[in-house]
Amino acid sequence: AARRMLVTTIAITAVVAGAVFGWRTLRGEPDQASGDGGSWNQLLLVDRGTGAVTALADDDLTVVAAQGPPTGRVTAAHIERDRIALVQAGQITLTALDDETPTVIPTEIGAVVVRLPIDDTLWLAVGSSSGGNVLLVDGLTGTTHDVAALVAPTSVRVFLETLRYDVTGTSFAMADANNFQTVVVHTDADPPVAAFFADQPVAVGKELVVTSEVVGQQADLALVDPERKELAKVSGELPVGGLLIDDEVTVISAEGTIARFGKDDTEAERLDTVAVPAGASIRWVRPTAGNTRLVVFGDSFQAVVDLEGRTVFTTTFATAVGEPTIDQGWTCLPVGGGDSFHSLIDLTSGEQIADLTGVAVTGTSADGCTVIGTRAGLTEVVGADVTVSLGQTRGATLSPDGAAVVVQTVRGETQFVPIDDGAAGDPVDITALAPTNALVTFRDT
């Protein structure tokens, strides 16, 4: 009941300022790996059973480093520069391949651990699917911020779906279901601090926060400074999501109205309207393309708008599709969600650059312009000038630059397959170096 009330209060979903949960981040799917950036010079192979990590050089695929001793079964591996975060039952192990004493962060058994897609950082959020305390873990430094400890003796109940954060990864806002307030944590303060704000969070910046108070079928939106002083307050439709840049916020309502307001405003400027199909409603709004585009999504439609309210792309789906994964740094967008996609578009122009009809997308390059997935049971790599079939596989991981795939074949082999000039090159067998059914990821040292 508390969760239903909370979800209604914050207008169904949360959108972060300057970054966003796709659902590789919120759901924390098991047995996954994520790397950093679009460039890479090492291929990492993680043993799911033991946590052992082996690094192969990009040029000759020879072993250049190995991490030990093993630390236990791994369900996810996240990489940023030389730092590795291994998600395990009851703990997160933070290490580097030359680190003899890894940092171990205890977690609750069954906790949800998600990586926040903030550029050049390795922030992890740890929470419960039923709501409760949240740990914010800086994987680069090993610093952990325990929200319950920061707000003690007040008791909070937070759902990770409400977490928002600024583009620098220093300010985090979340809805407290116990007190129906907003908790904002500033991790760059010395010492780190948490503060309560009235109402529910819509977006957060490095210093400011945007909150929403629902009044009937309308909402009062406030731009608030760290001292809780209201810098602006406007009324409008129920917000689904927004993007705060400096002291100006762009908000999209459940009905599709795109509005903007900033410091000292008493009325929001109506920019335009997203065309919402009859009977549908907006469920998510996600910033992307370096905070220059907002992806608007419902079960049966998807649109892309710029910060002036102009719709650069829109489409409808014949049947409901699953929630999409969208990265803040993409310049292209796989249109669709779940296991149903139909096109790959340029986020600047909205033009289609590849047909994804029938492709269930399972991964993308760092810029979103090349995808990997399955079509009719066969693994394919698809991009603007690329359509490569890799046949039947047990698993396949695309490199961040879209120029290689690590394939786990149906025969149990592990192969490195380069992609050049739109075609697959000769595979290199690395089975002898790879654990069985390894977690595969890439890093740039």
Side-chain angles (χ1 to χ4, degrees), residues 16 19-56 65 67 70-99 102-107 111-127 134-145 160 163 165 169 172 187 325-330 362-366 368 395 397-401 406 435 438-445:
V16 300
V20 68
F21 286 128
W23 282 41
R24 83 179 167 219
T25 50
L26 274 188
R27 292 189 181 130
E29 298 289 353
D31 297 335
Q32 63 174 322
S34 65
D36 57 359
S39 59
W40 63 279
N41 58 20
Q42 288 185 0
L43 164 65
L44 299 189
L45 304 170
V46 182
D47 189 315
R48 297 173 194 260
T50 68
V53 183
T54 302
L56 308 183
Q67 179 261 342
T71 55
R73 175 171 170 76
V74 174
T75 57
H78 304 290
I79 313 298
E80 185 67 31
R81 299 191 292 275
D82 67 336
R83 304 304 297 170
I84 304 169
L86 302 176
V87 180
Q88 299 163 305
Q91 68 181 42
I92 299 170
T93 300
L94 304 175
T95 186
L97 291 182
D98 58 356
D99 192 350
T103 300
V104 176
I105 310 295
T107 63
V112 177
V113 181
V114 299
R115 180 177 183 175
L116 307 182
I118 307 172
D119 289 346
D120 301 319
T121 71
L122 184 51
W123 278 105
L124 303 174
V126 184
V134 169
L135 300 179
L136 299 171
V137 180
D138 184 344
L140 296 182
T141 67
T143 304
T144 300
H145 306 277
L160 286 181
L163 183 61
Y165 38 90
F172 300 80
T187 60
T325 294
I326 297 171
D327 195 286
Q328 186 269 342
W330 282 354
T362 57
T364 69
S365 58
T397 304
L398 184 68
S399 65
D401 57 1
V406 175
L439 274 172
V440 179
T441 187
F442 301 80
R443 72 172 181 171
D444 186 4
T445 58

Got a second to check how far Leu163's CG is from Leu136's CG, nearest 0.5 Å? 6.5 Å
Student check: side-chain heavy atoms of Thr397 and Phe442 closer than 4.5 Å: yes
Non-hydrogen atoms of Asp120 and Arg81 that approach each other most closely: O-NH1, 3.6 Å
Shortest non-hydrogen contact from Gly142 to Leu94? CA-CD1, 3.7 Å
Are a donor atom and an acceptor atom from the side chains of Thr445 and Asn41 found within less than 3.5 Å of each other? yes
Heavy-atom distance under 4.5 Å between the side chains of Thr107 and Ile92, does that happen here? yes
Of all heavy-atom pairs between Thr121 and Glu80, which one has the smallest distance, and what is that distance? O-OE1, 3.4 Å
When rounded to the nearest 0.5 angstrom, what is the spacing between OG1 in Thr50 and CZ in Arg73? 11.0 Å
Could you walk me through whether Asp119 and Gln328 satisfy the side chain to side chain contact (heavy atoms under 4.5 Å, CB included) test, starting with their C-alpha distance in whole Å, then the side-chain angles of each, then the deciding distance to 0.1 Å, before giving a yes or no? CA-CA 8 Å; Asp119 289 346; Gln328 186 269 342; 3.5 Å; yes
With sequence neighbours left out, the residues meeting side-chain hydrogen bond (donor to acceptor under 3.5 Å, both in side chains) with Asp47 are none
Provide the closest heavy-atom pair for Pro106 versus Leu135 in the form atom of the first, atom of the second, distance. O-CD1, 4.0 Å
Without swapping roles, check the side chain of Arg115 against the backbone of Ile79 for a donor-acceptor pair under 3.5 Å. yes
Straight-line distance of Arg83 CZ to Leu97 CG, nearest 0.5 Å: 10.0 Å
Should Asp82 and Arg443 count as side-chain neighbours, where that means a heavy-atom distance under 4.5 Å? yes
Tell me, please, which residues at least two apart from Gln91 pass side-chain hydrogen bond (donor to acceptor under 3.5 Å, both in side chains). Gln88, Thr93
Rounded to the nearest 0.5 Å, how far apart are CG of Leu44 and CD1 of Ile84? 5.5 Å
Closest heavy-atom pair, Gly51 versus Val74, reported as atoms and distance to 0.1 Å, is CA-CG2, 3.4 Å
State whether the side chain of Asp444 and the backbone N or O of Gly38 hold a donor-acceptor pair below 3.5 Å, judged by distance alone. no
Test log, rule side chain to side chain contact (heavy atoms under 4.5 Å, CB included), inputs Val126 and Val134: CA-CA 6 Å; Val126 184; Val134 169; over 6 Å; no
Grab the two heavy atoms, one from Ser365 and one from Pro400, that are nearest each other, plus how far apart they are. CB-O, 3.3 Å
Any Val440 side-chain heavy atom under 4.5 Å of Leu43 side chain: yes
Would you call Tyr165 and Pro117 a side-chain contact if the rule is heavy atoms closer than 4.5 Å? yes
Does Thr187 have any side chain to side chain contact (heavy atoms under 4.5 Å, CB included) partners at least two apart in sequence or in another chain, and if so, which? Trp123, His145, Thr170, Phe172, Val185
Could you tell me if the side chain of Thr103 sits less than 4.5 Å from the side chain of Thr95, heavy atoms only? no
